[in-house]
Amino acid sequence: MFQLSGKVALVTGGSRGIGRACAEALAEQGATVVVNYVKGEAQAREVADQIVANGGKAEIAGFDVADTKATESAIEELAKRHGRLDVLVANAGISIDGLLLRLKDEDTDRLFQVNVKGSLACAKAATKVMMRAKTGRIIFLSSVVGEMGNAGQTAYAASKAAVIGAAKSIAREFASRSITVNVISPGFIDTDMTSGMTEAMKEQLVKVVPLGRTGTAREIAGACVYLASDEAAYVTGQVIRVNGGMYV
Ligand code: NAD
């Protein structure tokens, strides 16, 4: 089960955190993984080298998902080179926190440019390839705060809620082509994105997690592998929550 041999998967923002864990897990199942990065070329190369050292197949591709034109042409190019693109993991994302009354317009714009428009540009380019193949898997990354809200994260939460609405719509648009579109909604996961929090903040947060701990990137990668697999062919338009029970 969950074999991905012969498939090509693109993971945006794959050089660290959840993206890295997804790239590694997809490669373990046999997929050829394209690790996208925007700034961390050395880190992305290290991920790809590690995958290859473990007997997998990987390469890197630098593009900024916020640049929708560059993103679309990079995806078109890599799909042409491989002759296919089976899985897109639209993982690249940023967080900018702030209470509504202090929210800067430019921060909201940036969050939507990367988290929403960036993810949609990837999906648009990927569906063009997948439509011809009449199969494909698109996996978006939302967040528990996009579903339940969080004081101090209004704009980030809005961007992550937008991803869910978009994914459900794309799922409906492409179901007739056997392209499935789903969302992983992580809870509080230990990565660089959350490393800025103080221990006191983390302790407070963990109190509202029934499983009593933060999650790992590897635990998100498990859901990613499942959604990418043939076994998930009948799952589309869904939000898979990996949040320790924080939101049920
Ligand atoms: P991270 O900051 O460790 O990794 C994000 C990656 O995205 C980085 O590699 C970064 O370089 C890349 N990226 C950012 N902007 C980009 C751009 N314009 N173009 C290409 N790549 C870009 O964060 P993470 O914790 O691994 O988060 C991954 C995804 O999961 C994000 O979408 C995030 O919103 C979501 N998420 C994370 C958590 C968590 O607790 N860590 C919770 C819920 C959702």
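Whatever order the structure lists them in is the order used to number ligands and atoms, beginning at 1.
Listed by number with element, the atoms of ligand 1 under 4.0 angstrom from any heavy atom of T191 are 24 (P), 25 (O), 26 (O), 41 (N). Listed by number with element, the atoms of ligand 1 under 4.0 angstrom from any heavy atom of D64 are 17 (C), 18 (N), 19 (N). Atoms of ligand 1 found under 4.0 Å from any heavy atom of T194, numbered from 1 in the order shown, are 39 (C), 40 (O), 41 (N). For ligand 1, the atoms lying closer than 4.0 Å to a non-hydrogen atom of S15 are 9 (O). Shown in contact with F63 at under 4.0 Å from a heavy atom are these atoms of ligand 1, numbered in order with element: 19 (N), 20 (C). Which parts of ligand 1 touch S142 is read off a 4.0 Å heavy-atom cut-off, strictly below it: atoms 35 (C), 36 (N), 43 (C), 44 (C). Near G17, meaning under 4.0 Å from any of its heavy atoms, are these atoms of ligand 1: 26 (O). Heavy-atom proximity to K160, at under 4.0 Å, picks out these atoms of ligand 1: 31 (C), 32 (O), 33 (C), 34 (O).
Between G187 and ligand 1 there is a heavy-atom distance shorter than 4.0 Å.
Between V239 and E147, the closest heavy-atom pair is CG1-OE2, 3.8 Å. Considering all non-hydrogen atoms of both residues, F2 and Q29 come closest at O-NE2, 3.0 Å.
In terms of protein heavy atoms, atom 19 (N) of ligand 1 is closest to V65 N, 3.0 Å. Among protein heavy atoms, atom 11 (O) of ligand 1 sits closest to V38 CG1, 3.9 Å. At the top of the distance list for atom 14 (C) of ligand 1, counting protein heavy atoms only, stands G93 O, 3.6 Å. Summary of contacts: the protein heavy atom closest to atom 4 (O) of ligand 1 is R16 NE, 3.6 Å. Counting only heavy atoms of the protein, atom 12 (C) of ligand 1 lies nearest to G13 CA, 3.7 Å. Nearest non-hydrogen protein atom to atom 30 (O) of ligand 1 is I18 CD1, 3.6 Å. The protein atom (non-hydrogen) at minimum distance from atom 13 (N) of ligand 1 is A92 CB, 3.9 Å.
No side-chain donor-acceptor contact under 3.5 Å links Q238 and N182. Counted by atom type alone, H82 and E77 present zero donor-acceptor pairs between their side chains at under 3.5 Å. Looking at N91 and T12, their side chains never bring a donor and an acceptor atom within 3.5 Å of each other.
By the definition of a contact as any protein heavy atom under 4.0 Å away, atom 33 (C) of ligand 1 is in contact.
Heavy atoms from other residues, nucleotides or ligands lying under 6.0 Å from CZ of R81 number more than 12.
Looking at I189 and I220, their side chains come closer than 4.5 Å, going by heavy atoms from C-beta outward. Residues C224 and L26 meet the side-chain proximity criterion, which asks for heavy atoms closer than 4.5 Å.
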Worksheet item: Do V145 and Y247 pass the side-chain contact (heavy atoms from CB on, under 4.5 Å) test, and can you show the C-alpha distance, the side-chain angles, and the key distance before you say yes or no?
Response: CA-CA 9 Å; V145 305; Y247 179 69; over 6 Å; no
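R45 has a carboxylate O that lies under 4.0 Å from a charged side-chain N of E41, or vice versa, which qualifies the two as a salt bridge. Salt-bridge check for E46 with R16: failed, with every basic side-chain N at 4.0 Å or more from each acidic carboxylate O.
Both the backbone and the side chain of N91 come within 4.0 Å of ligand 1, counting heavy atoms alone. Contacts between K39 and ligand 1, counted as non-hydrogen atom pairs separated by less than 4.0 Å, are absent for every part of the residue.
L141 pairs with exactly one of V89, N115, V183 by the side-chain contact (heavy atoms from CB on, under 4.5 Å) rule, that one being V89.
Remark: among candidates V145, N36, I94, the nearest residue to atom 15 (N) of ligand 1 is I94, based on non-hydrogen atoms.
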